[in-house]
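Below is one structure; the comments refer to it alone.
In what follows, chains are A, B, ... by sequence order, proteins preceding strands, each numbered from 1.
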Amino acid sequence: MKTTSNIIEQRRKKIAELKNKDVNLFPNDFAVSHTVKNIRDTIEDLQDSITEDNPVFVAAGRMMAVNRFGKASFIRFRDRTGQFQAYVRKDNVGDEAYALFKQLDIGDFVGLKGGLFKTKTGEWTLLVNELKLVCKSMRPFPEKFHGLKDPEKRYRKRYLDLIMNSDVRDTFIKRSKIIQAIRTFFLVRDFMEVETPMMQPVPGGAEAEPFITHHNSLGLDLFLRIAPELYLKRLVIGGFERVFEINRNFRNEGISTRHNPEFTMLEFYQAYADYKDLMNLTEDMFSYVTREVAGSDSIVYQGSTIDMGGRWRRMTLFEALEEIGGIDADLLKNRERLLDFASSRGIVITKKASEKIGGTGKIITKLFDVMVEPKLIQPTFITGYPVEVSPLSRRSDSDPAITDRFELFIAGHEIANGFSELNDPDEQKVRFLQQATERDAGDKEAHCMDEDYIEALEYGMPPTAGEGIGIDRLAMLFADAASIREVILFPHMKPAGNIAEEASSLLN
RNA sequence: GGGCCGUUAACUCAGUUGGUAGAGUAUCUGCCUUUUAAGCAGAGAAUCGCGCGUUCGAGCCGCGCACGGCCCA
């Protein structure tokens, strides 16, 4: 315990007085029969026929503001459906209840019963006949006008952020709606929602460094999943031809405005489809979600209007590099010139990518990240990814150097990644071995060999296409949020001092 | 990992050249039965993120650390 503030002491004292008067500060028997929305809907429906006696409402909520006038007061209270004003008069609620009411604070929960009237200024207001304390708050709330702004406090005490900042509330309501819309979209298309392991003996399905955990009784190290991909494809092999999962992935990498170590991913797989089908499906899905969530075909993100309806531009990686990145086509075929070009632009190519013998895939995708990606504001599918950066994708029939794969970019962010699945077990094995070589060379993000997955493929996976979509980044788009922390309820933070100490002593 | 910025009352923020800390809101007391950032009168409230240093003297200058934000890797 660090600070005991004067303001909290005062409140504690008041609480002690209430207890002495046998006031139950935390009752659990107040029966709520109306929400604020019910009240507003009734006003909408009945209008002029409303009197102070009829109809009568019983509502409850947190007191957000109080204007006291001696023997009468206005309060504003809030429930999950909205905020409403109530008027508490001593001669209406009685001396005893009004005396109790005078002891209450902003932040307390109250139960209210009464009819409706219109104030001088024309605002419909609950005329309280009965008032009960439903829950006492022991701490002072942030100031009503400026609210809670300090980002560190907002993230650490998200509950206060949600109470004080309505735009934050709206963001998370929106996020929930996005996920529900996606779920509906898939369910009506005969996809089945599944859950696959979060703890995996071999981490796979993506190129990333995993978190390691340990199972005591099995004496076994396990990895928090970096992707569900290989398990979802096992389900396709098992006969679930259309599956999707919306769940958390964990990647042991830095934290930034676009990265949280745990993040939410949608992955879905459809048998007898290819990557082109999925591009069409993605357009349909985004168009549907946008209409459901934003109520139109477009959204505004960081000042740009983004058209989410209709069909989107499709171009290959090389086309994008030439046309948008302004890179000469001949350059793209020459490894040394590519490296020179990158260094002349101050683009750092990692050692493992530049030293690697053979393909130029990693150099090219890096150039793309820097020179093209930020410019892809309107939704754009990029296709033609090199085989070496796509270890799980099916090789293109027309060009053996590339795969049947796309990525989707919106507002300069990678939003989705999809491809026709590699279902030839022997080739998959060769690809894994290639990755293993890179792993041995020090690339911690290279894909792991997964023998069990190869065996599964050997039983036969029908032609299938699959896709992953970052839900957090999607939520950022709809919420017009510049940072991923604004769309994750409890983003990861370093523990604040004493919490870290307490946690370590807990383990010892 | 690097650069820049921030951390002062419950909240939002000021704080001059280095001279023992200010406002608004919130809180407390009194008045007030149609307010809505209510009003009037009064009062209380600060380990200036933490540590070390410089100095007669540090919120302010220096060094280190912690946490956070933005940008870069």
Between A:Thr35 and A:Asn38: side-chain donor-acceptor atoms closer than 3.5 Å: yes
Can you tell me how far [atom1] in [N] sits from the matching atom in [M], rounded to whole Å?
{"N": "B:G51", "M": "B:C67", "atom1": "C1'", "value": "15 Å"}
{"N": "B:U20", "M": "B:G24", "atom1": "C1'", "value": "24 Å"}
{"N": "B:U17", "M": "B:U29", "atom1": "P", "value": "42 Å"}
{"N": "B:U27", "M": "B:A10", "atom1": "C1'", "value": "9 Å"}
{"N": "B:U54", "M": "B:C63", "atom1": "P", "value": "15 Å"}
{"N": "B:C65", "M": "B:A43", "atom1": "C1'", "value": "40 Å"}
{"N": "B:C5", "M": "B:G49", "atom1": "C1'", "value": "15 Å"}
{"N": "B:C71", "M": "B:U35", "atom1": "P", "value": "46 Å"}

Rounding to an integer number of Å, can you tell me how far [X] [atom1] sits from [N] [atom2]?
{"X": "A:Glu52", "N": "B:U33", "atom1": "CD", "atom2": "C1'", "value": "13 Å"}
{"X": "A:Met164", "N": "B:A10", "atom1": "CE", "atom2": "C1'", "value": "11 Å"}
{"X": "A:Asn260", "N": "B:G68", "atom1": "CG", "atom2": "P", "value": "12 Å"}
{"X": "A:Arg139", "N": "B:A45", "atom1": "CZ", "atom2": "P", "value": "20 Å"}
{"X": "A:Tyr87", "N": "B:U33", "atom1": "OH", "atom2": "P", "value": "8 Å"}
{"X": "A:Asn165", "N": "B:U12", "atom1": "CG", "atom2": "C1'", "value": "12 Å"}
{"X": "A:His259", "N": "B:A73", "atom1": "NE2", "atom2": "P", "value": "13 Å"}
{"X": "A:Lys13", "N": "B:C28", "atom1": "NZ", "atom2": "C1'", "value": "9 Å"}

Quick one: label [X] by what it contacts on the DNA or RNA (base, sugar-phosphate, nothing), any heavy atom closer than 4.0 Å.
{"X": "A:Asp150", "result": "sugar-phosphate"}
{"X": "A:Arg154", "result": "nothing"}
{"X": "A:Met493", "result": "sugar-phosphate"}
{"X": "A:Tyr155", "result": "sugar-phosphate"}
{"X": "A:Lys14", "result": "sugar-phosphate"}
{"X": "A:Gly147", "result": "sugar-phosphate"}
{"X": "A:Lys149", "result": "sugar-phosphate"}
{"X": "A:Thr257", "result": "sugar-phosphate"}

In Å and rounded to the nearest 0.5 Å, what is the [atom1] to [atom2] distance from [X] to [Y]?
{"X": "A:Asp472", "Y": "A:Asn249", "atom1": "CG", "atom2": "CG", "result": "10.0 Å"}
{"X": "A:Ile39", "Y": "A:Asp79", "atom1": "CD1", "atom2": "CG", "result": "7.5 Å"}
{"X": "A:Ile306", "Y": "A:Tyr301", "atom1": "CD1", "atom2": "OH", "result": "8.0 Å"}
{"X": "A:Arg225", "Y": "A:Met265", "atom1": "CZ", "atom2": "CE", "result": "9.5 Å"}
{"X": "A:Phe409", "Y": "A:Ile382", "atom1": "CZ", "atom2": "CD1", "result": "6.0 Å"}

Distance-only donor-acceptor test, A:Asn6 side-chain atoms vs B:U27 base atoms, 3.5 Å: no
Side-chain donor/acceptor of A:Gln85 to base of B:U35, under 3.5 Å: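 Per atom types, the contact qualifies.
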A:Phe74-B:U35 aromatic stacking (under 5.5 Å, under 30°): yes
Lys/Arg-Asp/Glu bridge criterion (N-O < 4.0 Å) met for A:Lys157, A:Asp161: no
A:Phe223 vs A:Cys448 side-chain heavy atoms within contact, under 4.5 Å: no
is_close_aromatic(A:Phe57, A:Phe84), centroid dist under 6.0 Å: no
Glycosidic conformation of B:U7, taking syn as within 90° of 0 and anti otherwise: anti
Any A:Arg485 side-chain nitrogen or oxygen under 4.0 Å from OP1 or OP2 of B:C70: yes
Distance test, side-chain N/O of A:Asn67 to OP1/OP2 of B:U35, below 4.0 Å: no
Of the listed nucleotides B:U34, B:C67, B:G69, the one nearest the side chain of A:Lys120: B:U34
A:Ser390 and its side-chain hydrogen bond (donor to acceptor under 3.5 Å, both in side chains) partner, picked from A:Arg405, A:Glu207, A:Arg431: A:Arg405
Under 3.5 Å donor-acceptor, A:Arg78 side chain and A:Arg62 backbone: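 A pair under 3.5 Å: no.
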Upstream residue (5' side of RNA chain B) when A:Asp91 and A:Glu123 are each assigned their closest nucleotide: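 Its nearest nucleotide lies further toward 5', so the answer is A:Asp91.
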Residue closer to the 5' end of RNA chain B, A:Lys366 versus A:Leu148 (nearest nucleotide):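 Closer to the 5' end of RNA chain B: A:Leu148.
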Duplex segments of RNA chain B, taken as runs of at least three Watson-Crick or G-U pairs that stay under 3.5 Å: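 Detected stem regions: B:1-7 with B:66-72, B:10-13 with B:22-25, B:27-31 with B:39-43, B:49-53 with B:61-65.
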Just list the side-chain donor-acceptor pairs under 3.5 Å for residues 318-327 of chain A, sequence neighbours left out, or say none.
from	atom 1	to	atom 2	distance (Å)
A:Glu319	OE1	A:Thr316	N	2.9
A:Glu323	OE1	A:Arg313	NH2	3.3
A:Glu323	OE2	A:Arg313	NH2	2.6

Base-contact (B) and sugar-phosphate-only (S) positions in nucleotides 1-8 of chain B, heavy-atom cut-off under 4.0 Å, - elsewhere: --------
Restricting to nitrogen or oxygen on both sides, can you table the protein-nucleotides 24-26 of chain B pairs closer than 3.5 Å?
from	atom 1	to	atom 2	distance (Å)
B:G24	N2	A:Glu143	OE1	2.9
B:A26	OP1	A:Lys144	NZ	3.0

I'd like a table of donor-acceptor pairs (distance under 3.5 Å, sequence neighbours excluded) in which one partner is a side-chain atom from residues 124-135 of chain A, with atom names and distances.
from	atom 1	to	atom 2	distance (Å)
A:Thr125	OG1	A:Gln85	NE2	2.9
A:Thr125	OG1	A:Glu123	O	3.0
A:Asn129	OD1	A:Asn92	ND2	3.3

Quiz item: cation-pi between A:Arg68 and A:Phe101, 6.0 Å / 45°: yes
Qualifying residues under ring pair (Phe, Tyr, Trp, His ring centres under 6.0 Å), relative to A:Tyr155, sequence neighbours excluded: none
